[in-house]
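Computed from a prediction, not measured in an experiment: that's the story for all the values here. Computation of the quantities below employed the complete heavy-atom set of this structure, encompassing side-chain atoms and omitting hydrogens, waters and symmetry-equivalent molecules.
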Amino acid sequence: MARLSHSIAILTKLQVSCIFILLTKVIPNVEARTHNLTWKVTYEYKYLDCFKKLAIAINGQTPGPHINATRGDTIIVTVLNNLLMENVAIHWHGIRQLGNGWNDGTDSVNQCAAMPGGYFTYQFVVDQAGTYMYHSHYGMQKSSGLYGLITVNPLLGEETPYHYEDREIILSDWYHDSAYEHAVKLSSKPYVWIGEPQSLLINGRGRYQCELLGVSNRDRCNGSSTECTPDVVKVKPEQTYRFRIASLTSLSALSFQIEGHKMTVVETDGVHVVPFVTDNLYIYSGETYSVLVTTDQNHSRNYGISINVIARKPETPNGFAILNYEPNPLDAQHLPQPPPGPLWNDTDSQRNQSLAIKGLRGYVPAPPKTADKVLHLLNTQNTVNGYKVWAVNNVSHALPDTPYLVALKLNIPDVFDPTPAPEDYDHSYNIYEIPENTNATTSTSIYRLPFNKTVDIILQNAKGMGGDSETHPWHLHGHNFWVLGFGKGKFNPSTASLNLENPIMKNTVPLFPYGWTALRFRTDNPGIWLFHCHIEAHFYLGMLVLFESGSDMVTKPPQQNMGCGKTKNYINP
């Protein structure tokens with residue numbers, strides 16, 4: 001009862017703050033800072049889950065350094081590629097890069113990745129307070145640990161609905177095979193699935209059971225390594241904290257929960273949410289959330305934090321961390337029991353939580369009432385020339401050797417397929433049957449959208465070739481979109497329930513099994529932008545599209561963005 005009263009008090013406080021903010025003005029950042037960062041990217045042996053594996057580190061850290069800035073600040077990151085044998089590109093996930101597409105950090109779209117021994121300097125302004133992330137956008141490199149968290153704070157004196165001390169949480173999954181082994185398996189004929197991750201990590205720490213390994217591999221596992229002890233989140237009793245949570249998984253959708261504590265969801269993808277209380281948080285790859293946690297339990301003990309796999313039949317053990325009520329010790333007597341988490345296949349519960357996320361009035365603009373264009377995108381798994389791929393409207397997209405935006409700006413011919421990408425699919429398609437899709441193709445085509453218009457995207461899910469319909473988290477670069485709704489079965493515009501009053505704006509959203517997700521966005525950021533499934537294997541196998549709009553307004557490409565494919569001929573000596 002005490003927890004419920006406190007949760008109601010938090011909600012009331014948030015509502016009063018919202019009324020106050022409507023009467024205030026946004027304060028310009030007259031003291032904007034410039035953050036100059038130099039990152040050395042290397043491979044290093046790590047024991048993140050006690051198993052010895054080459055991981056990608058930034059300045060020795062896996063996960064990488066936390067960027068902590070204030071709205072309006074400029075971030076300058078010089079990335080030195082010391083990987084020796086592979087390129088590097090880093091995407092600033094959730095940073096919209098308004099008018100600054102050359103710094104989005106997406107290989108083959110707006111830049112050539114930095115070669116071994118080379119470097120790339122990213123420069124961008126963080127224009128929206130919230131919780132974001134960064135990660136590799138080259139091949140399947142993210143799964144090797146090249147990722148981190150970005151916090152953008154509001155300005156000093158700028159009213160926000162809440163002011164609490166932060167705790168940062170990065171969630172990820174961890175394979176013992178390398179990204180190269182995954183790429184070879186996925187690209188083989190016959191197809192070889194990479195399987196489920198060996199471990200789940202909280203802030204880069206997990207625990208694999210070394211005894212599961214054969215005798216020949218046991219020397220690669222060190223259960224006493226300090227790198228794989230559970231992460232400890234230190235708190236003081238009777239305080240409220242803001243947990244900034246980011247999912248950087250390669251495959252897994254997760255549920256996050258804290259033993260004995262409820263959470264109040266207040267932000268997602270940098271956008272304020274109408275607060276609601278929950279026992280667990282469903283989070284999909286590429287999403288960020290802020291939740292408020294009040295430490296109002298028994299002060300004499302610690303509590304377990306856990307994550308468990310959802311939306312796939314779990315073969316990966318739960319991840320575990322400790323909520324340490326200071327000054328309690330961290331000895332065996334005070335080790336908590338992690339909460340087990342919800343059922344993995346309770347799709348209704350997962351969908352209902354997504355439906356509960358609404359935009360906070362005064363912070364989130366209402367969407368346009370109608371759209372100028374509608375794209376219906378069917379998600380399927382297909383076979384093309386004997387290779388298994390993921391596709392959108394029966395087209396599995398591949399990225400060219402020459403970046404799209406460079407080709408568009410310099411009029412470089414024969415870089416990508418000029419045939420327009422399909423905007424719809426045959427609506428007689430049976431989403432509950434294993435697809436034949438004999439007409440599936442691969443392509444480098446793009447969607448050319450009119451600039452500064454309103455576009456609806458209807459994502460439609462279907463059964464895959466393995467016999468199941470999977471959850472796909474879709475991420476849009478360069479924009480936020482309004483999430484108008486989720487539904488079961490096939491989308492029907494005459495019966496679909498869409499929220500046009502207070503939808504949340506996000507940059508990443510789930511598409512649930514055998515269902516649909518409806519989005520709306522404005523094509524108000526010139527350039528060409530990826531829209532893709534954030535599961536590494538699905539993206540690698542073609543589950544992506546590209547939206548071009550207003551690219552004629554973009555400046556000519558910087559020299560550092562070129563050097564690959566046909567751009568070699570356009571570099572000034």
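A donor-acceptor distance shorter than 3.5 angstrom exists from the side chain of T316 to the backbone of P197, with no hydrogens or angles considered. The backbone N or O of P450 sits less than 3.5 Å from a side-chain atom of T523, completing a donor-acceptor pair. Looking only at distances, a side-chain donor or acceptor of R520 sits under 3.5 Å from a matching main-chain atom of K369. Not one N or O on the side chain of S551 forms a donor-acceptor pair closer than 3.5 Å with the backbone of E548. Looking only at distances, no side-chain donor or acceptor of T264 sits under 3.5 Å from a matching main-chain atom of P275. In this structure, the side chain of R312 does not engage the main chain of W344 through any donor-acceptor pair within 3.5 Å. No donor-acceptor pair under 3.5 Å is formed between the side chain of N318 and the backbone N or O of N308. A donor-acceptor contact shorter than 3.5 Å is absent between the side chain of W516 and the backbone of G485. D173 places a side-chain N or O within 3.5 Å of a backbone atom of S252 that can act as its donor or acceptor partner. Side chain of N100 to backbone of Q123: a donor-acceptor contact under 3.5 angstrom is found.
Nearest heavy-atom pair across G304 and F320 is CA-CE1, 3.9 Å. Of all the heavy atoms in K142 and S285, the pair that sits closest is NZ-OG, 4.1 Å. Considering all non-hydrogen atoms of both residues, Y325 and H299 come closest at CD2-CA, 3.8 Å. Among all heavy-atom pairs drawn from P510 and T517, the shortest one is O-OG1, 3.0 Å. Annotation for P230 and R205: closest pair C-CD, 4.1 Å, computed over non-hydrogen atoms. Scanning all heavy atoms of the two residues, the minimum distance from D524 to F451 falls at C-CE1, 3.7 Å.
Two rings, from F531 and H397, have their centers 6.0 Å or more apart. Checked against the 6.0 Å centroid threshold, Y540 and H538 do not count as a close aromatic pair.
Under the side chain to side chain contact (heavy atoms under 4.5 Å, CB included) rule, N393 has a single partner from L378, D426, T380, which is L378. Tested against N507 for a side chain to side chain contact (heavy atoms under 4.5 Å, CB included), the candidates V271, L476, D269, T288 yield a single pass: D269.
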(request) Could you walk me through whether T131 and S290 pass the side-chain contact (heavy atoms from CB on, under 4.5 Å) test, one step at a time? (result) CA-CA 7 Å; T131 309; S290 286; 3.4 Å; yes
(message) Q460 vs Y429, test: side-chain contact (heavy atoms from CB on, under 4.5 Å). Steps then yes/no.
(response) CA-CA 11 Å; Q460 177 66 60; Y429 185 94; over 6 Å; no
(request) Starting from the C-alpha separation in whole Å, work towards a yes-or-no answer on side-chain contact (heavy atoms from CB on, under 4.5 Å) for K463 and Y432. (result) CA-CA 6 Å; K463 178 173 281 192; Y432 300 104; 5.6 Å; no
(request) Apply side-chain contact (heavy atoms from CB on, under 4.5 Å) to the pair Y164 and Q239, showing each step before the final yes or no. (result) CA-CA 9 Å; Y164 297 104; Q239 302 290 321; over 6 Å; no
(request) Start with the C-alpha distance between T471 and Y284, add both sets of side-chain angles, then the distance that settles side chain to side chain donor-acceptor pair (under 3.5 Å), and finish with yes or no. (result) CA-CA 9 Å; T471 297; Y284 306 87; over 6 Å; no
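Using a 4.5 Å cut-off on side-chain heavy atoms (C-beta onward), E536 and L251 make no contact. Residues H93 and T508 meet the side-chain proximity criterion, which asks for heavy atoms closer than 4.5 Å. Residues H479 and F547 form no side-chain contact, since every pair of their non-hydrogen atoms from C-beta on lies 4.5 Å or further apart. Side chains of V291 and L281 form a contact here, defined as non-hydrogen atoms less than 4.5 Å apart. Between R96 and N480, the closest side-chain pair of non-hydrogen atoms falls below 4.5 Å. Side-chain atoms of F276 and I357, non-hydrogen and from C-beta on, do get closer than 4.5 Å to each other. No side-chain heavy atom of S349 sits less than 4.5 Å from a side-chain heavy atom of P342. With contacts defined as side-chain heavy-atom distances shorter than 4.5 Å, the pair N203/E168 does not qualify.
Taking OG1 of T249 as the start and CD1 of I170 as the end, the distance is 12.5 Å to the nearest 0.5 Å. Taking CD1 of I458 as the reference point, atom CZ of F491 lies at 4.0 Å (rounded to 0.5 Å). To the nearest 0.5 angstrom, I446 atom CD1 is 11.5 Å from L530 atom CG. If you take CE on M263 and CG on L292, they are separated by 11.0 Å, rounding to the nearest 0.5 Å. Rounded to the nearest 0.5 angstrom, T294 OG1 and E238 CD are separated by 8.5 Å. Remark: Y404 OH to N110 CG distance equals 12.0 Å, nearest 0.5 Å.
For K453, the NZ atom is loosely surrounded, since the number of other residues' heavy atoms within 6.0 Å does not exceed 12.
A perpendicular orientation is assigned to the rings of W390 and H472, their planes being inclined by more than 60° (bins at 30° and 60°). Aromatic ring orientation, H272 versus Y363: perpendicular (interplanar angle above 60°, classes split at 30° and 60°). By the 30° and 60° cut-offs, the orientation of the rings of Y303 relative to H261 is perpendicular.
Geometrically, K506 engages Y289 in a cation-pi contact defined by less than 6.0 Å to the ring centre and at most 45° from the axis.
Between K313 and E315 there is no salt bridge, since no side-chain nitrogen of the basic residue lies less than 4.0 Å from a carboxylate oxygen of the acidic one. Checked for salt-bridge contact, E287 and R244 miss the test: no charged N lies under 4.0 Å from a carboxylate O. Remark: D279 engages K262 in a salt bridge, criterion side-chain N to carboxylate O under 4.0 Å.
Between the side chains of S255 and N280, at least one donor-acceptor pair of N or O atoms lies under 3.5 Å. Between T106 and D104, the side chains place a donor N or O and an acceptor N or O closer than 3.5 Å (distance only, hydrogens not considered). Using a 3.5 Å distance cut-off with no hydrogens or angles, the side chains of N379 and E470 do not pair a donor with an acceptor. Judged purely by distance below 3.5 Å, without hydrogens or angles, the side chains of S247 and H534 never pair a donor atom with an acceptor atom.
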